[in-house]
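Worksheet: one structure, shown below.
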Number of protein chains: 2
Amino acid sequence: MTVTIREIAKHAGVSRGTVDRVLNDRPGVKPEVRDRILEIVNELNYVPNIAAKALAYQKKPVTLGIVMPPKEIVFFELIRSGISSASEELKDLGVRLEYRYVDNKRPEEGAAAIRELVEIGVSGIMFSVMDDELIRESINYAAQKNVPVVTFNSDVEDSKRVCFVGQDLHKSGVVAAGLMNRVLPAEAKVVILTGNLKFHAHRARVEGFKQGLKSSGGSLQVERVIEGFDRYEDTYAQLNQTLSEHADISGIYMATGDTDACLEVIKLHRKEGKIRVVCNDMLPSVEQGMRDRMIDFTIVQNPERQGYLSLRLLFDLVFAGKQPEMEHYFTETHIYIPESL
Amino acid sequence: MTVTIREIAKHAGVSRGTVDRVLNDRPGVKPEVRDRILEIVNELNYVPNIAAKALAYQKKPVTLGIVMPPKEIVFFELIRSGISSASEELKDLGVRLEYRYVDNKRPEEGAAAIRELVEIGVSGIMFSVMDDELIRESINYAAQKNVPVVTFNSDVEDSKRVCFVGQDLHKSGVVAAGLMNRVLPAEAKVVILTGNLKFHAHRARVEGFKQGLKSSGGSLQVERVIEGFDRYEDTYAQLNQTLSEHADISGIYMATGDTDACLEVIKLHRKEGKIRVVCNDMLPSVEQGMRDRMIDFTIVQNPERQGYLSLRLLFDLVFAGKQPEMEHYFTETHIYIPESL
DNA sequence: ATGAAAGCGCTAACAT
DNA sequence: ATGTTAGCGCTTTCAT
C-alpha cells in the first residue's frame, strides 16, 4: 500500500491540513506537532503522489524560471529543444515556465533576471549565463529565498546553485587527443585553436587535449596554441602565420573559436583533406565544414540532454522534493564524423 | 482556458459520464450522440489531462506489458536502464508494468507471451524478440484486440505493430566505413566479420559498410566477409585463416559476432595496435577490448534511449491517445573511442 | 494552531 | 442509453 497524507494524519492524530502544512513548510503548526509528523513521515517512508499534486496545482501552477540567451544564439538551439521535450512531458503536471532571454555575455542582465524571477515568485530557476560575481550574488540571494537554481551549459562556481548540468570540457579535449592520435602518424605536428586562455572554459579543453596526448603515450607535437579571442580576424591572421611558418602542420584542434576562419586559412594553403581537423559542438558552420569534408570529427556533448535534464531535475526537486544526486551532471561525450550526419 | 470533459458535456448537452464513454470507446452511447460529441471534441480541441487521468487510475492502474530477454542477456542491460528511467517518471501516473522474460531467439515464447499479456488485459505491449511468422501473427492478434504493440531493438516487419524503436543498422555500417577511411592509408585491406548473412539485421551493417566505402570515394579493399555465426570457434578459425593468408590486412570491422575470438586471433598474429578494429555496441568484451587498446572505435546506438522512448511512446499512446509520429524511430549513432570511457 | 470541506479533471460504479 | 456521484491524493480556503 502506498502511504498517503491521510495515513500520516491518522497516525499522528491530526487533520490532513496540518500534515500538508508541515510537508510544505507552511507556518502555523506547533513545533512539537511538526516534529512528530515529520517523524511519522520518515518512518512510513511517505512519498508525495505527483499526479495528485499536479491536479491540485492546476489552478495555480508552480512556476519555474528559465534564464538563457534568445533564439538568435544558435548554439542554444538544441538545448532549447531538450527543454521543450521536458516541458512537453510536464505539460499537464501543474507547471508553468517563465522565460527570460538575456545576453549570456552580460552578467548584469542575468543577475537582474534572477532577482526579477524571485520577485514574481517562481519556485525554481534554470540558469545559463557566463559566470560572474554579480551572478553569484543573485544566485545566493535566490537560494536564501528558498528558490533553487540549476545552472546549465556554463556553471557559476562557488555559488549556492543546487547543481550544474553541462559538458565535461576537459574530457572533450582528451577525446580530441585520442582522435588525433588515431588519424595522424607518429611525431606529427598539431595546432590548437582556442578563444581566450584566461577563461576556465576555454582552458579546460586545451589542457584536456594536452593531457590526452601525453597519457595516450602518443608522440604528437603541439606546435602552437593560438588564442583567437572568438574573432574571425585574429584567428585567421594567426593561423595563417602559423601554417606559413610550419608547412608540416597536419592537425588542427579547434577547441574554441571561429570555424570559418580556420577553414578559410586551410583553403588558402590548399591543405583541404591534408590537415585533419577536430572541432567541438555542432554549430551550422561545423556541420557545413563536415559536409564539405573539411572537418574530420566534431565532439559534442548532448545539448538536448542538457536542456531536458536541467528542467527535469528542477521539477523533481521542487515538485517531489527529490534532491539532485550529484553536484555536477556531465552529459555524455559523443563523436561525429561527416557520415554521422 | 483548457477545455475539460465537463465543458464538452455542457456543449453537447449530455452528462460527463457519456462524454467519458465516448472518449474511451466504451459501449452504451447512441451513435448520433457519439458523433456529435466527437465533433465537439475535435472542434474544441480537447486534450485529456494526464494528471487527472493518472489520479483516477490509482486504484486500478493501466498495465503495460514488456516482452524481452532476461537479465542474463547483457546486451539488453542499457535498454533496461532506459526502461527504468521512463518507468520512474511514470511511477505516479497510474501505470503498472508487467514483464515477460523470454529467450529472444525463441519466437514461440515471444508469441505466447504476447497472447498471454493480451489475455490478462494489458493496454499496450513493448516487444523485442527475433522476427518470425508466429510473432507476426501474435502482434496482429493483439492489434485486432486493440492492444498496441511497439517493437524495440529488433523489428517485426509487415506486422501491425504501431512503430519500431531501434538502430539504423545500415548507418552503423556507413559510419564504420567512414572511420576506417580516416584511420587507414589508401588501398589498405580490411576484413568484415558478421554473424549470418541470411539475417537482415546482420546483412544491413555489412551492406552499409561496403556502401560507405564506395560513396566516400575511398580506396579501401574488402578482402573478405567472414560469417562467424555468432560462435567463437567459427569466428576464430576463419579469421585466423584469413590473417595467415593475408599478412597485409590492416583493418577489421566487427559488424556482428564474437569480439573475444577476434581479439584472440589478433594477439595470436601479434598484430595488436597494428590492425585497426571497429566494433558495434558496448558489450563488456568490447569495453575491455577498448581499455586494452585493442579496439579503436565502437559504434553505439543509444540503447538507453531505445528503452526510454519505447515506453514513453506506448504510454503517450494509451494514456493520451497520442499516435506516434513515425513508424521507425532510429536512435542516434554514436562513436566511442577508448578515451570516451 | 488546527480541523473541515471543497475542488483539481477524470473514471467507474450505481441509478434511472 | 444516459445521468449522478463518489472517489483518486493533494492543496487551499474557511471555520473554529
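We use all heavy atoms of the structure for the numbers below, so side chains are in, but hydrogens, waters and symmetry mates are not. Each chain gets a letter, A, B and so on, in the order the sequences are listed, and its residues count up from 1.
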Check: Would you say a side-chain N or O of S15(A) is under 4.0 Å from OP1 or OP2 of dG3(C)?
Finding: yes

Check: Out of dC8(D), dT5(D), dA12(C), which nucleotide sits closest to the side chain of L55(B)?
Finding: dC8(D)

Check: For the side chain of D20(B), counting heavy atoms from C-beta on, which of dA12(C), dG3(D), dA1(D) is nearest?
Finding: dA12(C)

Check: Taking five pairs at each end of the helix from dA1(C)-dT16(D) to dT16(C)-dA1(D), what angle separates the two helix axes (nearest 10°)?
Finding: 50°

Item checked: Distance test, side-chain N/O of Y57(A) to OP1/OP2 of dG9(C), below 4.0 Å -> no

Margin query: With a cut-off of less than 4.0 Å, is there a side-chain N or O of K30(A) near OP1 or OP2 of dA1(C)?
Written below: no

Notebook entry, point to check: Under 4.0 Å between a side-chain N or O of N24(B) and OP1 or OP2 of dT11(C)?
Noted result: yes

Next item on the list: State which of dA12(C), dT5(D), dG3(D) makes the closest approach to the side chain of K60(B).
Entry: dA12(C)

Check: Base, sugar-phosphate, or nothing: which does F319(A) touch, judged by heavy atoms less than 4.0 Å apart?
Finding: nothing

Checklist line | Nucleotide nearest Q58(A) when distance is taken to its side chain, options dC10(C), dT2(D), dC8(C) | finding: dC8(C)

Note to self: Both G17(B) and A56(A) contact DNA chain C. Which one's nearest nucleotide lies toward the 5' end?
What the structure shows: A56(A)

Next item on the list: Check every strand shown and say whether R34(A) touches a base, only sugar-phosphate, or nothing at a heavy-atom separation below 4.0 Å.
Entry: nothing

Checklist line | R136(B) with E133(B): basic N within carboxylate O range, under 4.0 Å | finding: yes

